Amino acid sequence: MKVLLFGRGGQVGWELQRALSVLGEVVALDFDPAGNPAPSPDPDHSGTPLCGDFSNLAGLAESIRRVQPDVIVNAAAHTAVDKAESEPEFARTLNALAPGVLATEAAKLGAWLVHYSTDYVFDGSGSAPWREGDATGPLSVYGSTKLEGEQLVAAHPKHLILRTSWVYA
């Protein structure tokens with residue numbers, strides 16, 4: 001099995017890279033927060049590294065086509081919750097449009113898409129744990145863009161969306 005993992009440098013992605021390795025070949029991509037593309041594999045020896053930059057939608061699509069994975073795992077996102085308020089279009093690109101590209105390309109390949117999301121898609125009210133079918137109502141740009149990403153991912157028949165409320169390692 002071939003797994004394509006996005007978000008290799010984050011907390012979730014770092015752990016997933018290790019944990020997924022027992023399933024087969026893992027191609028793990030990331031984008032350096034300093035703005036430099038992280039070193040990435042060149043599976044077809046074309047001289048062009050793979051793209052893990054979620055702001056480069058065409059590059060993401062091309063990388064998926066080149067890797068031809070059986071499973072795509074998305075652990076990448078714009079996770080600066082407060083900063084998303086001042087850069088809503090950038091947050092939307094990373095949290096909604098990029099996962100939409102992953103879903104489109106996964107559907108073309110018949111691949112599974114595992115997508116990490118957040119409890120910020122809810123409004124924070126109530127005292128019981130959220131259930132997957134509960135009504136959403138995000139209160140922030142971050143939550144709204146993550147919900148839009150979920151909706152684009154859910155349009156693909158072979159998907160799994162994991163909503164987390166806190167990540168620590």
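Remember, predicted model here, so these are calculated numbers, not experimental data. Heads up: numbering here begins at 1 and tracks the sequence. Hydrogens, waters and symmetry mates play no part in the numbers below; they use all other heavy atoms, side chains included.
Taking the side chain as every heavy atom from C-beta outward, Lys2 and Asp70 approach each other to under 4.5 Å. Counting only heavy atoms from C-beta outward, the side chains of Tyr116 and Val73 approach each other to under 4.5 Å. Taking 4.5 Å as the limit, every side-chain heavy atom of Trp14 sits out of range of all side-chain heavy atoms of Asp30. Annotation: side chain of Asn95 is not in contact with side chain of Glu148 (no heavy-atom distance under 4.5 Å). Taking the side chain as every heavy atom from C-beta outward, Arg92 and Thr145 approach each other to under 4.5 Å. By the 4.5 Å heavy-atom criterion applied to side chains, Ile64 and Pro69 are counted as neighbours. Contact annotation: the side chain of Tyr142 approaches that of Thr118 to within less than 4.5 Å [non-hydrogen atoms, C-beta and beyond].
Side-chain N or O atoms of Lys146 include none that pairs as donor or acceptor with a backbone N or O of His78 at under 3.5 Å. At distances below 3.5 Å, at least one donor-acceptor pair connects side-chain atoms of Thr164 with backbone N or O atoms of Ser117. Using a distance-only test at 3.5 Å, with no hydrogens or angles considered, no donor-acceptor pair links the side chain of Ser63 to the main chain of Leu50. When atom types are taken as modelled, the side chain of His156 and the backbone of Glu105 share no donor-acceptor pair closer than 3.5 angstrom. Under a 3.5 Å cut-off, the side chain of Glu87 and the backbone N or O of Ala84 do not form any donor-acceptor pair.
In terms of hydrophobic clustering, with Ile, Leu, Val, Met, Phe, Trp and Tyr side chains grouped at heavy-atom distances under 4.5 Å, Phe54 and Tyr120 are assigned to different clusters. Cluster annotation: Phe6 and Leu57 are assigned to the same hydrophobic cluster (Ile/Leu/Val/Met/Phe/Trp/Tyr, side-chain heavy-atom contacts under 4.5 Å, transitive). In terms of hydrophobic clustering, with Ile, Leu, Val, Met, Phe, Trp and Tyr side chains grouped at heavy-atom distances under 4.5 Å, Leu16 and Leu162 are assigned to a common cluster. Tracing side-chain contacts under 4.5 Å through hydrophobic residues (I, L, V, M, F, W, Y), one reaches Val114 starting from Leu5; they form part of the same cluster. At a threshold of 4.5 Å between side-chain heavy atoms, the hydrophobic network of Ile, Leu, Val, Met, Phe, Trp and Tyr places Ile161 and Phe122 in two separate groups.
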Would Val153 and Leu102 satisfy side chain to side chain contact (heavy atoms under 4.5 Å, CB included), going step by step from the backbone distance to the final call? CA-CA 8 Å; Val153 166; Leu102 304 187; over 6 Å; no
Before you tell me yes or no, could you show the steps for Thr79 and Gln11 under side chain to side chain contact (heavy atoms under 4.5 Å, CB included), namely the whole-Å CA-CA distance, both residues' side-chain angles and the distance that decides it to 0.1 Å? CA-CA 11 Å; Thr79 57; Gln11 283 181 305; over 6 Å; no
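Distance check: Leu60 CG to Thr104 OG1 gives 11.5 Å after rounding to the nearest 0.5 Å.
For the pair Gly143 and Ser140, the tightest heavy-atom approach, listed with the atom from each and the gap, is N-OG, 3.0 Å. Nearest heavy-atom pair, Leu113 versus Ala106, reported as atom, atom and distance to 0.1 Å: CB-CB, 4.3 Å. Of all heavy-atom pairs between Leu4 and Leu29, the closest is CD1-CD1, 3.8 Å.
For the residue pair Asn74 and His115, a side-chain donor N or O sits within less than 3.5 Å of a side-chain acceptor on the partner.
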